[in-house]
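Inspection log for the structure reproduced underneath, given as structure tokens.
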2 protein chains.
Amino acid sequence: MLLQSDLPLNPSSDDIVGSLRRAILAHRVAPGSKLVEDEVSDVFGVGRSIARTALQALAHEGLVTIIRNRGAFVADPGVREAREVFEARALLEPRTARSAAERATPAAVKLLHKHIAAEHQALQAGDLGKAVYLSGLYHMAIADLADQATIAAMISTLVARSSLIVALYWRRPQALCESHVHHALTDAIAAHDGARAEDLMKGHLVDLLANLDLREKLQIGGSLCDILRQA
Amino acid sequence: MLLQSDLPLNPSSDDIVGSLRRAILAHRVAPGSKLVEDEVSDVFGVGRSIARTALQALAHEGLVTIIRNRGAFVADPGVREAREVFEARALLEPRTARSAAERATPAAVKLLHKHIAAEHQALQAGDLGKAVYLSGLYHMAIADLADQATIAAMISTLVARSSLIVALYWRRPQALCESHVHHALTDAIAAHDGARAEDLMKGHLVDLLANLDLREKLQIGGSLCDILRQA
DNA sequence: CAATCTAAAATTGTCTACAATTTATCATAA
DNA sequence: TTATGATAAATTGTAGACAATTTTAGATTG
């Protein structure tokens with residue numbers, strides 16, 4: 001389990017949450033992976049209590065699934081959940097993008113450009129996982145601009161879950177992605193054009209969902225005999 | 001700390017979360033109250049670990065605030081947060097009410113009527129706290145009808161936080177409340193009139209917010225001398 | 001009397017031990 | 001070989017012990 005080790009010597013559970021979250025969102029640990037408490041506590045050099053607390057926090061975010069007596073696993077969202085997450089984003093983010101556009105300062109716009117640049121760089125370096133992660137940060141940055149902490153927090157967890165969903169269902173291995181949309185969105189925000197920002201965001205979310213392959217992963221029912229037949 | 005004791009002998013942290021949540025939402029514990037870990041564990045007859053886990057879960061829901069080395073307190077939302085919570089509800093609930101109307105079955109409508117009846121009964125019994133709690137359940141029931149678990153979960157926590165907000169900022173001690181609106185909404189849902197349900201919900205949320213007294217609780221800045229002058 | 005400091009009590013943070021449960025291993029039998 | 005079942009290993013659940021911190025109470029001083 002690869003973890004960037006820019007951590008204090010006695011990390012708090014929040015530090016561990018952050019580190020694990022980055023690892024999950026950048027797809028450095030596969031969905032469904034087991035997260036053993038002893039391993040986590042060893043890696044971070046803390047007792048099991050703290051590791052446990054961190055895993056429970058991630059479970060509340062929906063990035064980890066805890067099954068009683070079985071342990072913690074990196075979340076493995078199904079197609080149903082994938083659709084639901086984007087439904088929720090569709091309700092929250094377009095309006096939020098509008099507010100962001102109405103309030104954006106030059107400094108904020110500069111920050112958005114920085115996010116886009118970093119994402120672009122990761123893409124060119126071939127690190128798709130990191131690019132997806134950074135793309136999420138861009139959406140969160142917009143949410144922060146709207147100055148609605150409660151909504152921003154909800155968007156934040158939805159975006160995080162989306163990152164996991166993209167890892168599982170993204171159709172095109174290396175399409176040129178959506179950096180154009182992010183550019184256009186940033187322009188609308190810089191121009192304080194709320195209506196356009198709202199529309200762009202709405203379309204962007206539709207595009208994202210459309211680029212997922214949401215056929216059932218494995219329909220265990222009828223295909224089992226087929227699998228046996230092939231073998 | 002009054003708690004209905006319909007709990008198993010060895011309650012899980014989830015049981016405790018539920019019990020504490022009901023107590024908080026029905027205003028049986030005041031916002032800002034300290035929740036000492038030892039007391040919680042004694043009341044429920046469990047070790048401190050489980051009580052701790054429960055309090056952390058409630059903190060993730062926004063019903064409890066945990067301050068490091070100081071402990072857990074029943075959340076005490078400010079006016080800012082109050083506005084934000086209703087902003088978020090305004091983005092989520094109207095559309096969700098529309099979906100609910102489009103999908104509602106007769107059994108579901110019957111359930112909504114039951115909720116309204118219970119709420120009405122609590123109001124007549126003078127138990128305002130319970131009425132607010134039940135009113136919240138009504139909104140959650142609608143969210144469940146829409147068959148979007150992710151959105152429903154978000155609405156659920158927002159409604160819960162609203163209950164706390166109403167406890168703090170409700171203007172009229174015992175106005176005839178909004179049972180009429182709930183009735184009209186239920187009718188729209190029963191008639192599968194999605195558009196009307198959406199409108200009613202939107203208006204209902206505006207009304208709720210309008211009936212809050214969101215002047216600053218204590219504006220420590222300039223008014224301190226005024227207070228001293230009055231004394 | 002108010003303010004400040006000190007010591008005791010209370011409370012939270014963390015670790016570790018032990019119990020309960022699940023998972024893995026391996027021998028046995030069909 | 002494949003199933004089945006018993007045993008051992010690994011892992012999680014819970015409680016309690018001790019350390020660190022905050023809160024309280026009392027004494028001291030101006």
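These values consider heavy atoms only, across backbone and side chains, with no hydrogens, waters or symmetry-generated copies. Residue numbering restarts at 1 for every chain, and letters A, B, ... go by the order of the sequence lines.
- Remark: A/E61 engages A/V17, A/R21, A/L58, A/L63 in a side chain to side chain contact (heavy atoms under 4.5 Å, CB included) (not counting sequence neighbours).
- We find that CG of B/D42 is positioned 11 Å from P of D/dG16, with the value rounded to whole Å.
- For A/R48 and C/dT14, the shortest distance from a side-chain N or O to OP1 or OP2 is not below 4.0 Å.
- With rounding to whole Å, B/I67 atom CD1 is found 12 Å from D/dT22 atom C1'.
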Output one line per pair: protein atom, nucleotide atom from nucleotides 20-24 of chain C, and distance, for all N/O pairs under 3.5 Å.
residue: C/dT23; atom: OP1; partner: A/R70; partner atom: NE; Å: 2.2
residue: C/dT23; atom: OP1; partner: A/R70; partner atom: NH2; Å: 3.3

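- Put simply, CZ on A/R52 is 17 Å from P on C/dG13, counting in whole angstrom units.
- With sequence neighbours excluded, no residue forms a side-chain hydrogen bond (donor to acceptor under 3.5 Å, both in side chains) with B/D127.
- Distance B/I66 CD1 to C/dG13 P: 8 Å, rounded to the nearest Å.
- Using a cut-off of 4.0 Å between Lys/Arg side-chain N and Asp/Glu carboxylate O, A/E84 and A/R80 are scored as salt-bridged.
- Pairs engaging residues 43-56 of chain B under the side-chain hydrogen bond (donor to acceptor under 3.5 Å, both in side chains) rule: B/E37-B/R48, B/E37-B/R52 [sequence neighbours left out].
- Distance B/E39 CD to C/dT11 C1': 11 Å, rounded to the nearest Å.
- Atom P of nucleotide D/dT21 and atom CG of A/N10 are separated by 12 Å, given to the nearest angstrom.
- Residues meeting the side chain to side chain contact (heavy atoms under 4.5 Å, CB included) test with B/D15, sequence neighbours left out: B/L7, B/P8, B/P11, B/S12.
- The side chain of B/K34 places no N or O atom within less than 4.0 Å of a non-bridging phosphate oxygen (OP1 or OP2) of D/dT22.
- The residue among B/D38 and A/G47 whose nearest nucleotide of DNA chain C is located toward the 5' end is B/D38.
- Partners of A/Y138 by ring-ring contact (aromatic ring centres under 6.0 Å, His included), not counting sequence neighbours, listed by chain and number: A/H182.
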